Amino acid sequence: MAKKIVVLPGDGIGPEVIKGAVSVLEECASIYSLDLEFEEFKVGGAAIDEYGQPLPEKVVESCLDADAVMLGAVGDPKHDNNPTHLRPEKALMGLRKAMGVFANLRPILTFDELLDASPVKRELVEGVNILIVRELTGGIYFGEPRGFAESEEGRSGYNTEVYFDYEIERIARVAFASAGLRSGKVSSVDKSNVLESSQIWRSVVEEVHKEYESVELEHVLIDNCAMQLLARPKDFDVLLTNNMFGDILSDEASMLSGSIGMLSTASLGEEKDSGRPGIYEPAHGSAPDIAGQDMANPLATIGSAALLFRYSLQRDDIALNIESAIRQVLRDGFRTRDIAAPGEKVISCSEMSEKVLERIGSPTAR
């Protein structure tokens, strides 16, 4: 049966990086005789411009019917002063909630060829291999009540951090199961010395840990974790975090690999017989300052296409092929602006995508 992939290019550099990723999906479909069907829609600022809303209902319906979703990026400065419900970012938040993709996986890998691209010392980042497991549909980003108020003290804005035990249980199981296939250690991040929501987080994580006694568990306070992530990154295996902490830590961790343009992500829902429905996207934003200039790094988005094959289509062999092709491109010395050392030749976004395509299916890539 054909597998349906919904493509959402989004805003800014989104269409540029998503073009390369879709080309990779199509090439792999041809090599491995797969039947992939693609549907493309506008979301974010592009959808506001055309439809007056960031996430049209027809897009949600198509995504719910899909095997996987490929997303470029959302965000457009011209909509920065819109009401909250008409911000481009609402497309991403709404889609995550609608699809029930509660588990965000963000692999943090360092490449030998890019060690000097990281602002962190080479000896600290060499060999880093971290998986950030971030809860994605709860916490302060979705908690109620939220809004604005006025009182005698002045204007205020407020948000609510809420976590239910079942939300913590399911993301903890993803983290422990993932660690069991890796180095066997989970570092759970919280702020339990201050926040009640973190106190229940720690309590539930400890309860779930009893089901995974072969996996080591440590608790790390968020502020200490942010420091240790730069001081001793190789000591981490799986980082389990809530929604907001994971958002912040993964951007920090991207600097270990040299650029956020290298950070792929998979957002997954409950497992089904045919795979896990998911949203696949780069961790970077829409970067409007370089949009339309063919300067972006497409490797994070192409890497997300590899994760799509691994988690939603259950084809780890194809994922490994794509990831090997990315490594081969870097070994061959090709660099986009964000990962180039001074004096190194820089190639464009479209050229980098072509270089990966040339190596997919080749003996060196396989």
Side-chain angles (χ1 to χ4, degrees), residues 101-110 120 124-125 127-141 143 161-254 256-257 263-271 276 278 283 307 310-311:
V101 288
F102 65 89
N104 181 242
L105 307 185
R106 298 191 172 197
I108 309 295
L109 303 172
T110 55
V120 183
L124 293 178
V125 298
V128 163
N129 184 348
I130 302 170
L131 178 65
I132 296 179
V133 178
R134 168 190 172 193
E135 199 289 322
L136 202 59
T137 56
I140 200 167
Y141 291 171
E161 168 82 357
V162 178
Y163 268 109
F164 292 93
D165 52 3
Y166 76 90
E167 294 176 305
I168 305 168
E169 287 172 7
R170 64 186 184 182
I171 194 65
R173 287 195 173 92
V174 172
F176 286 123
S178 298
L181 300 175
R182 294 166 52 90
S183 297
K185 180 181 177 181
V186 170
S187 302
S188 179
V189 182
D190 61 41
K191 191 62 177 171
S192 60
N193 58 337
V194 176
L195 302 176
E196 284 81 1
S197 59
S198 278
Q199 289 165 15
I200 189 172
W201 178 280
R202 182 172 293 205
S203 174
V204 173
V205 168
E206 289 179 345
E207 291 171 8
V208 176
H209 180 232
K210 295 174 183 177
E211 304 172 21
Y212 300 86
E213 292 183 351
S214 63
V215 175
E216 178 186 352
L217 170 65
E218 70 170 351
H219 298 287
V220 190
L221 295 177
I222 175 62
D223 41 354
N224 184 41
C225 185
M227 177 178 67
Q228 299 300 337
L229 197 54
L230 299 181
R232 55 176 185 94
K234 283 185 279 192
D235 289 348
F236 292 107
D237 179 25
V238 174
L239 273 177
L240 168 61
T241 82
N242 72 12
N243 205 342
M244 183 169 68
F245 294 164
D247 193 0
I248 296 167
L249 288 178
S250 59
D251 277 18
E252 178 192 11
S254 72
L256 300 173
S257 62
L263 184 54
S264 307
T265 77
S267 301
L268 306 176
E270 297 287 357
E271 192 158 6
R276 304 184 74 161
L307 298 180
R310 174 169 291 127
Y311 293 115

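Side chains are part of it too, since the values below use all heavy atoms of this structure and drop only hydrogens, waters and symmetry mates. None of these values were measured; they are calculated from a predicted model.
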Q: Quick one: do Arg106 and Ser250 satisfy side chain to side chain donor-acceptor pair (under 3.5 Å)? Show the steps, please.
A: CA-CA 7 Å; Arg106 298 191 172 197; Ser250 59; 2.7 Å; yes

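Once rounded to the nearest 0.5 Å, the distance linking CZ of Arg173 with CG of Leu240 reads 12.5 Å.
Checking side-chain atoms of Gln199 against main-chain N and O of Ser192 turns up a donor-acceptor pair under 3.5 Å. Proximity of a side-chain donor or acceptor of Thr110 to a complementary backbone N or O of Val128 within less than 3.5 Å is detected. A side-chain donor-acceptor contact under 3.5 Å links Ser257 to the backbone of Ser254. Glu135 places a side-chain N or O within 3.5 Å of a backbone atom of Thr137 that can act as its donor or acceptor partner. Formation of a donor-acceptor pair under 3.5 Å by the Glu167 side chain with backbone atoms of Phe164 is found in this model. The closest donor-acceptor contact from the side chain of Glu161 to the backbone of Ile140 lies under 3.5 Å.
Residues meeting the ring pair (Phe, Tyr, Trp, His ring centres under 6.0 Å) test with Phe176, sequence neighbours left out: His209, Tyr212. Partners of Asp223 by salt bridge (charged side-chain N to carboxylate O under 4.0 Å, His left out), not counting sequence neighbours, listed by chain and number: Lys191.
With 3.5 Å as the limit, one finds no donor-acceptor pair spanning the side chains of Thr241 and Arg134. Looking at Tyr163 and Asn243, their side chains never bring a donor and an acceptor atom within 3.5 Å of each other.
Considering every non-hydrogen atom in both Glu218 and Ser187, the closest pair reads OE2-OG, 2.6 Å. Across all non-hydrogen atoms, the minimal contact from Leu256 to Val120 is CD2-CG2, 3.9 Å. Between Leu124 and Ala231, the shortest heavy-atom distance links the atoms CD2-O, 3.7 Å.
Contacts classified as salt bridge (Lys or Arg N to Asp or Glu O under 4.0 Å) and involving residues 229-238 (residues at least two apart or in different chains) are given here: Arg182-Asp237, Arg232-Asp235.
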